[in-house]
Protein chains: 2
Amino acid sequence: MVHYQARLDTTFAALSDVTRRGVLEQLAGSDASITDLAQRFRMTLTGMKKHVGVLERAGLVTTEKVGRVRTCKLGPRRLEEEAAWIERHRQLWSARFDALDEIVEDLKRKEKANARSKRR
Amino acid sequence: MVHYQARLDTTFAALSDVTRRGVLEQLAGSDASITDLAQRFRMTLTGMKKHVGVLERAGLVTTEKVGRVRTCKLGPRRLEEEAAWIERHRQLWSARFDALDEIVEDLKRKEKANARSKRR
DNA sequence: TTGATAGTGAACCATATGGTTCACTGTAAG
DNA sequence: CTTACAGTGAACCATATGGTTCACTATCAA
């Protein structure tokens with residue numbers, strides 16, 4: 001997928017704001033209008049609309065306007081790729097440091113052997 | 001922890017750039033100097049230094065300068081909080097839609113019952 | 001019809017981001 | 001000593017971000 005990296009860019013960026021993470025948590029509880037969200041996070045309608053736009057572009061939220069109110073709900077993307085990326089990083093991180101540990105252990109063993117041979 | 005949200009902010013922001021994710025992957029393979037990284041990602045030393053700075057401030061990378069070369073390696077933070085946040089969101093997402101499914105199922109059942117009673 | 005309500009879009013503002021160039025320092029090596 | 005190399009910091013640039021106000025449209029309700 002060519003868009004994989006771009007998608008990670010926009011989703012991680014969407015998650016990098018405390019208000020937007022809050023909106024996601026709120027929507028996990030129940031759907032909400034722009035007005036609801038704006039009140040809960042103490043900002044103007046316009047400001048909240050922008051945040052919702054960011055979340056929507058990232059696929060994390062979908063909205064539908066009926067009458068004058070636009071209802072926001074959790075979107076189709078479930079942060080699968082993001083979770084996978086992070087998990088993979090954690091694996092590599094562990095592997096890297098396990099390898100380092102082994103080297104250290106190895107060095108210790110050799111040191112001991114060296115000390116023994118010198119004592120002889 | 002007061003800094004929890006701020007930390008999530010800066011780490012997700014650090015992850016929202018394809019170059020920085022690339023640097024993390026590279027460092028998972030082996031340590032590297034600024035020059036190494038700058039070459040691999042085709043940008044100036046100054047540019048790469050900035051990226052490394054962002055990763056360092058997020059705790060994802062540590063660096064040490066010996067002689068003229070600054071060596072970068074994976075840092076102490078293992079994206080634990082980020083992984084946890086994402087996992088929790090995925091849980092809530094599922095719960096939310098399982099609940100919706102139940103409602104839909106419930107509606108279907110009632111509809112059938114209604115149809116049966118009307119037929120009588 | 002009139003008024004309040006919900007959202008929208010443009011314009012604006014301050015600050016941050018991702019990148020560069022240029023001038024500089026410190027270190028290594030001939 | 002001289003030159004080359006690795007990094008650093010300041011200044012600059014274009015664009016993005018997070019927020020606002022203001023003017024406007026569309027809808028609901030009395």
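Every chain is numbered from 1 and lettered A, B, ... according to where its sequence line falls, protein lines coming before strand lines.
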Quiz prompt | Mutual orientation of the aromatic rings belonging to B:Phe12 and A:Phe12 [parallel < 30°, tilted 30-60°, perpendicular > 60°] | solution = parallel
Quiz item: Looking for any heavy atom pair under 4.0 Å, which part of the strands does B:Gly47 touch: base, sugar-phosphate only, or nothing?
Solution: base
Quiz item: Between A:Leu45 (CG) and D:dT25 (C1'), how many Å, whole number?
Solution: 14 Å
Quiz prompt | Carboxylate-amine/guanidinium proximity below 4.0 Å for A:Arg7 and A:Glu82 | solution = no
Quiz item: Tell me: CZ of A:Phe41 to C1' of D:dT20, nearest whole Å?
Solution: 19 Å
Quiz item: Rounded to whole angstrom units, what separation is found between the NZ atom of A:Lys50 and the P atom of C:dC13?
Solution: 14 Å
Quiz item: Among D:dC28, D:dT20, D:dT8, which is the nearest nucleotide to the side chain of A:Arg68?
Solution: D:dC28
Self-check item: Residue whose closest nucleotide on DNA chain D lies nearer the 5' end, B:Asp36 versus A:Gly67
Solution: B:Asp36
Self-check item: Exercise: do B:Arg70 and B:Ser33 side chains pair donor with acceptor under 3.5 Å
Solution: no
Self-check item: For atom CG of B:Leu37 and atom P of D:dA6, their distance in whole Å
Solution: 13 Å
Quiz item: Are A:Ser94 and B:Arg78 linked by a side-chain donor-acceptor pair shorter than 3.5 Å?
Solution: yes
Quiz item: Can you check whether A:Gly75's main-chain N or O pairs, donor with acceptor, with B:Trp93's side chain at less than 3.5 Å?
Solution: yes
Quiz item: Once you round it to whole Å, what is the distance between P of D:dT17 and CG of A:Leu15?
Solution: 14 Å
Self-check item: base_contact_polar (C:dG9 base, A:Thr46 side chain, donor-acceptor, <3.5 Å)
Solution: yes
Exercise. To the nearest Å, give me how far apart NE2 (A:His51) and P (C:dT8) are.
Key: 15 Å
Quiz item: Counting side-chain heavy atoms from C-beta on, which of C:dT8, C:dG19, D:dG9 comes nearest to B:Met43?
Solution: C:dG19
Quiz item: NA contact type, A:Ile34, heavy-atom cut-off 4.0 Å: base, sugar-phosphate, or nothing?
Solution: sugar-phosphate
Quiz item: Could you state the NZ-P distance from B:Lys65 to D:dT8, rounded to the nearest angstrom?
Solution: 4 Å
Exercise. To the nearest Å, give me how far apart NZ (B:Lys49) and C1' (C:dT20) are.
Key: 16 Å
